[in-house]
2 protein chains.
Amino acid sequence: MTHRAPFDFFTRSAFGIEPGSHIGTQLEGLASRIDLSKGQTAPLDNRSDRIVFVASGATKLVAQASEQRQQIVAFHFDGDIVSVPADGLFANSVTALRHSELLVFPAREFFDSAAGEARIARSLLERLPIALQRCRDRAVALGQGSATERLAGFLLAMSERIGRADADHCELDLPMSRKEIGESLGLTIETVSRQFGVLRELGLIKTQGRSRVTIFDRDMLSRKAGHLHQTQKTSGNPTN
Amino acid sequence: MTHRAPFDFFTRSAFGIEPGSHIGTQLEGLASRIDLSKGQTAPLDNRSDRIVFVASGATKLVAQASEQRQQIVAFHFDGDIVSVPADGLFANSVTALRHSELLVFPAREFFDSAAGEARIARSLLERLPIALQRCRDRAVALGQGSATERLAGFLLAMSERIGRADADHCELDLPMSRKEIGESLGLTIETVSRQFGVLRELGLIKTQGRSRVTIFDRDMLSRKAGHLHQTQKTSGNPTN
DNA sequence: TGGAAGCTTTGATCTAGGTCAATGAAGCTT
DNA sequence: AAGCTTCATTGACCTAGATCAAAGCTTCCA
């Protein structure tokens, strides 16, 4: 029973499906549950495509660009869907930033079931374009943004996902290291650190210890991010 | 009748739906057909989300990062689906690189119809993750790749979409300018030009006029792109 | 067919961010 | 609580690519 919890949570909250139903049972038959401790990588044989849900925790999706270089393609948190096709240019892997629970489906079978079930199809058809849009926004930031803009944008995006907002300042407990931030922004660890310094000296943020960040001036930070990160209306569930 | 052609082409070839069927009629009611001449931008009111299909032609999806800076997020060709959510960080627009025909659907209604129709749902559920993966690969290239790697990767990607392969060399007629290539790779026009020069001097490509490119050594070009652009198995329809 | 307008190439600097190197915190471990 | 290991910060310097500037090519239209 305890073991069922993450699965039932998903069928119900993500897709509006009752645990006992036909389709629910069918999906459950497809799912594997995976528990990852911090730093562990999900054992996805990269033969075939997988759909991964982060039931709880925080993960990074890493593309191995070469032996030396790797890029973090996205961070995922509770409830996010991670689409991991095997036929991209780079090998992708999912690694936990802290203890996380995953649900893994074989993509083809999952989509086969989903396509026939309007509620699931709708949920996916809403989530995937959001994930795509997030990825596009990241591509723009990587292609056009300065180091400061990228970090400012990153902090704002994170604050929307995992921030606790009081009055006008926002507390943030980053589960990723400076190295990982750099790998996701296409910057070195030193540059990330220096940019934290820049934002700190501008009085826009405060840092405490390694992971704790307080955002003082969200609007100014948004302007630093390139004017454009207008406080995004949280339209539906964050998905990617 | 002539006017119906692009629509019928889509319902049939993209979704396996017969023109006269119920769902076909329903979708047709949602669609607007748009003819764009070179340089024209599709008049998508950016109030609400749109799903755009490129029935024929070549288009660029542009994100306006600021008044000065814009980034080309993707190029689309015959048969591609363009998902244009309105709630990204940046305003997106679709502009024709040459004369193009578009089919435009309001996203919500389109997904509502699609979710109930397994063939359409499946088609979309296959296409969207591919588009997402393409975007992620681009993000990796933008985050990690040198100028040479980006251009090499770009040329390979284009050759897979619009190249005519003879024996071992591949002819390519690029519909976009150096400026547009630069805007898509996060490089300046001058750098793009210099990198063309580099690849030319390495004997990997030849250029004739502004748009004609011949790829001589695909494997070597792939290695220049960062080892990783393994000649991608053309799995299903290109989608994004 | 001539020539203007706009692309593209090439060259000479300049600079943001990378690289290398050292110091200074955090946070585990025992 | 001491000490060790790992992570983060700071500094000095150096390159890839941006910027500024000037020719060369295409293309297209009269």
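In what follows, every heavy atom counts, from backbone to side chain, and hydrogens, waters and symmetry copies are set aside. All chains are named by letter (A, B, ...) in the order of the sequence lines, taking the proteins before the strands, and each is independently numbered beginning at 1.
Residues passing the side-chain contact (heavy atoms from CB on, under 4.5 Å) test with A/Ala58 are A/Phe77, A/Leu97, A/Arg98, A/Pro175, sequence neighbours excluded. With sequence neighbours excluded, the residues that form a side-chain hydrogen bond (donor to acceptor under 3.5 Å, both in side chains) with A/Thr214 are A/Glu171, A/Gln208. Partners of A/His99 by side-chain hydrogen bond (donor to acceptor under 3.5 Å, both in side chains), not counting sequence neighbours, listed by chain and number: A/Asp35. A/Arg210 meets the salt bridge (charged side-chain N to carboxylate O under 4.0 Å, His left out) test with no other residue; sequence neighbours excluded. Applying the side-chain hydrogen bond (donor to acceptor under 3.5 Å, both in side chains) test to A/Ser159 and every residue at least two apart in sequence or in another chain returns A/Arg218. Contacts of B/Thr95 classified as side-chain contact (heavy atoms from CB on, under 4.5 Å), with partners at least two apart in sequence or in another chain: B/Thr41, B/Lys60, B/Ser93.
Electrostatic pairing of B/Asp80 and B/Arg161 counts as a salt bridge here, judged by a charged N lying under 4.0 Å from a carboxylate O. Between A/Glu183 and A/Lys179 there is a salt bridge, with a side-chain nitrogen of the basic residue lying less than 4.0 Å from a carboxylate oxygen of the acidic one.
Near DNA chain C, defined here as any heavy-atom distance below 4.0 Å, the residues from residues 183-198 of chain B are B/Glu190, B/Ser193, B/Arg194, listed numerically. Across residues 139-150 of chain A, A/Ser146, A/Ala147 each have a non-hydrogen atom less than 4.0 Å from an atom of DNA chain C (numbered order).
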Check the interface with nucleotides 26-30 of chain D: list each N/O to N/O pair with the protein under 3.5 Å, or write none.
| from | atom 1 | to | atom 2 | distance (Å) |
| --- | --- | --- | --- | --- |
| D/dT26 | O2 | B/Arg210 | NH2 | 3.3 |

For residues 147-158 of chain B, tabulate all N or O donor-acceptor pairs below 3.5 Å that involve a side-chain atom, not counting sequence neighbours.
| from | atom 1 | to | atom 2 | distance (Å) |
| --- | --- | --- | --- | --- |
| B/Thr148 | OG1 | B/Gln195 | OE1 | 2.7 |
| B/Glu149 | OE1 | A/Arg69 | NH1 | 3.2 |
| B/Glu149 | OE1 | B/Ser146 | N | 2.7 |
| B/Glu149 | OE1 | B/Ser146 | OG | 3.3 |
| B/Glu149 | OE2 | A/Arg69 | NH2 | 2.9 |
| B/Arg150 | NE | B/Gly145 | O | 3.0 |
| B/Arg150 | NH1 | B/Leu185 | O | 2.6 |
| B/Arg150 | NH2 | B/Leu142 | O | 3.3 |
| B/Arg150 | NH2 | B/Gly145 | O | 3.3 |

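In summary, contact between chain A and DNA chain C, defined as any nucleotide atom under 4.0 Å from a heavy atom of the protein, begins and ends at C/dG17 to C/dA26 in the 5' to 3' direction.
Between its opening and closing five pairs, the helix from C/dT1-D/dA30 to C/dT30-D/dA1 changes axis direction by 40°, a value rounded to 10 degrees.
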